[in-house]
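Working notes, structure below.
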Amino acid sequence: MSQTIETVFAREILDSRGNPTVEVEMSDGKNTVLAKVPSGASTGIHEALELRDGDKSRFLGKGVLKAVANVNEKISEAICGKFEPQNQQELDDFLLALDGTENKSTLGANAILGVSLAAARLAAMQQGIPLWKHLNNLFGGETSLPRPMMNVLNGGKHADSGLAIQEFMIVPKFEEFSANLRAGAETFHHLKKILAKRGESVGVGDEGGFAPRLPGITDAFEVISEAIDAAGYSGKIEFAIDAAASEFFGEKNGAEPGKYLVDGKNLSSAELTDFYGELLEKYPIVSIEDSHAEDDFDGFAGMQEKFGDKIQLVGDDLFVTNKKRLALGIDKKLANAILIKVNQIGTLSETFETMKLAKSENFGTVISHRSGETSDDFIADLAVGTDAGQIKTGSLSRSERIEKYNQLLRIEEQL
Ligand code: PGA
Ligand code: ZN
């Protein structure tokens, strides 16, 4: 019985926003697996290229038939019968060479990632072991259940709430994953009641959090604090935010040139840092992601200098899961943690390299979904297998978010 990849086939499916994305089906003749590729909205400019057709007559230009064809023709022909899924590094290196560009623009990071993730899943199945176990065998080190950061209030590009900050996350501090998830869900339901009572909208944004049109950022913290109290979790739940500040920076986002538009005010980079400082005095915020725009290195360095020894400062658009960007950030002291999104870089092996660098520098690691997701729960196993410590995969609603949390409940039983 051959253990090599026998067939690889891609198709165009839809993501949680109704936009096309890539699904890869891979088989060794006996076992067959699927991998689905997520897609961001507030994407970093330094991310690997997500190949879209640009043909306005299909899906408003967002079709992925070119990426699909790249899997079904170029990649399939090059790897089938030649590679064993157990040899992840060898396969990923080959895919990089086949693409031949720095940002994966020949084949598309969406095409490459689907194949890379499917191979890991097929390898786990061949061995009859859980995916998290196989990922841990590849990555090395410990395994652990991550602490969830749950995005209960959506702003920025993920909702029309009008709030500059993209994600208001609650982070319970119980030992067990299931206890943290329960605290998140109960708080979420209390938040819904409180918002409804105030006559606010209780419709949800892209990541399943509420998206009320609140007057400003402190109102968002106040209403979530009220929900935490009502749920009986005062002092047991902390806050994290993803500002995704590239999305409220500069003229293209309606701000003055070089300024950040927050609650109707234009702030300089340093003033924005002071604004975070005021929030930190008022609320138990333990983590701030992308506090400044992706190339505002002075802004990030200022944050790290002022708050880096007190809280976690995470680079997402700043580092784009890219080892070179992370090395730059380490050198310039721009943050103390990194967000990990597999589709920002495009292969599992490169994701591992970036995470290894982060860990060797004592950087925190947060495994993350994208705002455009699918039912694929790969990242749950990834968080466990790499001992990442933290995961953010949305709110306590919408199956494409909950599926990852539910997979972590299953893994909790296994561990
Ligand atoms: P995105 O948002 O998937 O739209 O980029 C998630 C994030 O910014 O963390
Ligand atoms: Zn982010």
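One-based numbering, in listed order, for ligands and for the atoms of each. Everything quoted here is computed from the prediction, not taken from an experiment.
At a 4.0 Å heavy-atom cut-off, ligand 1 does not touch His369 at all. Neither the backbone nor the side chain of Asp206 comes within 4.0 Å of ligand 1, counting heavy atoms alone. If you look at Lys157 next to ligand 1, there are no close heavy atoms at all, none under 4.0 Å. Proximity of Asp290 to ligand 1, defined as any heavy-atom pair under 4.0 Å, is not found for any part of the residue. When heavy-atom distances to ligand 1 are checked against a 4.0 Å cut-off, Ala41 comes that close through both its backbone and its side chain.
Near Arg370, with a cut-off below 4.0 Å to any heavy atom, the atoms of ligand 1 are 1 (P), 3 (O), 5 (O). Within the listing of ligand 1, atoms 7 (C), 8 (O), 9 (O) sit less than 4.0 angstrom from a heavy atom of Asp242. Numbered from 1 in the order shown, with element, the atoms of ligand 1 that lie under 4.0 Å from a heavy atom of Glu289 read 9 (O). Heavy-atom contacts of Asp316 reach the following atoms of ligand 1: 7 (C), 8 (O), 9 (O) (cutoff under 4.0 Å). Here is the list of ligand 1 atoms found below 4.0 Å of a heavy atom in Leu339: 9 (O). Interface atoms of ligand 1 facing Lys392, defined by a heavy-atom separation under 4.0 Å, are 7 (C), 9 (O).
Looking from atom 2 (O) of ligand 1 to the surrounding protein, the closest heavy atom is His158 CE1, 3.1 Å. The nearest heavy-atom contact from the protein to atom 6 (C) of ligand 1 is Lys341 NZ, 3.4 Å.
Nearest N/O/S atom of Glu289 relative to the Zn ion (ligand 2): this is OE2.
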### Message
Assess the residue pair Glu200 and Asp219 against the criterion (side-chain contact (heavy atoms from CB on, under 4.5 Å)); give the C-alpha distance rounded to whole Å, side-chain angles, the decisive distance to 0.1 Å, and a yes or no.
### Response
CA-CA 12 Å; Glu200 298 287 351; Asp219 302 278; over 6 Å; no
### Check against side-chain hydrogen bond (donor to acceptor under 3.5 Å, both in side chains), Ser105 and Asn103
CA-CA 6 Å; Ser105 52; Asn103 68 345; 3.0 Å; yes
### Task
Give the intermediate values and the outcome of ring pair (Phe, Tyr, Trp, His ring centres under 6.0 Å) for residues His292 and Phe249.
CA-CA 8 Å; His292 289 72; Phe249 174 71; 9.1 Å; no
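Neither side chain, Glu373 nor Ser16, offers a donor N or O lying under 3.5 Å from an acceptor on the other.
Taking a cutoff of 4.0 Å between a charged side-chain nitrogen and a carboxylate oxygen, Asp377 and Arg121 qualify as a salt bridge. A salt bridge is defined here as a Lys NZ or Arg NE, NH1 or NH2 lying under 4.0 Å from an Asp or Glu carboxylate O, and Lys62 with Asp55 fails to meet this definition. Looking at Asp206 and Arg401, no side-chain N of the basic residue comes within less than 4.0 Å of a carboxylate O on the acidic one, giving no salt bridge. Salt bridge present: Glu12 and Arg58 bring a charged side-chain N and a carboxylate O closer than 4.0 Å.
Look at Asp317 and the Zn ion (ligand 2): no N/O/S atom of the residue is under 2.8 Å from the metal.
Residue-to-ligand polar distances place Gln166 within reach of ligand 1: an N/O pair is separated by less than 3.5 Å.
Among the candidates Gln166, Lys392, Gln312, Met149, the single residue satisfying the side chain to side chain contact (heavy atoms under 4.5 Å, CB included) test with Glu289 is Lys392. Just one residue in the list Glu222, Glu238, Glu278 forms a side chain to side chain donor-acceptor pair (under 3.5 Å) with Tyr283, and that residue is Glu222. Here the options are Arg17, Arg370, Arg52, the test is side chain to side chain donor-acceptor pair (under 3.5 Å), and the partner is Ser39; only Arg52 passes.
Assignment of Ala244 to the shell around ligand 1 is not supported, since no heavy atom sits closer than 4.0 Å.
Angle OD2(Asp242) to the Zn ion (ligand 2) to OD2(Asp316): 170° [nearest 10 degrees].
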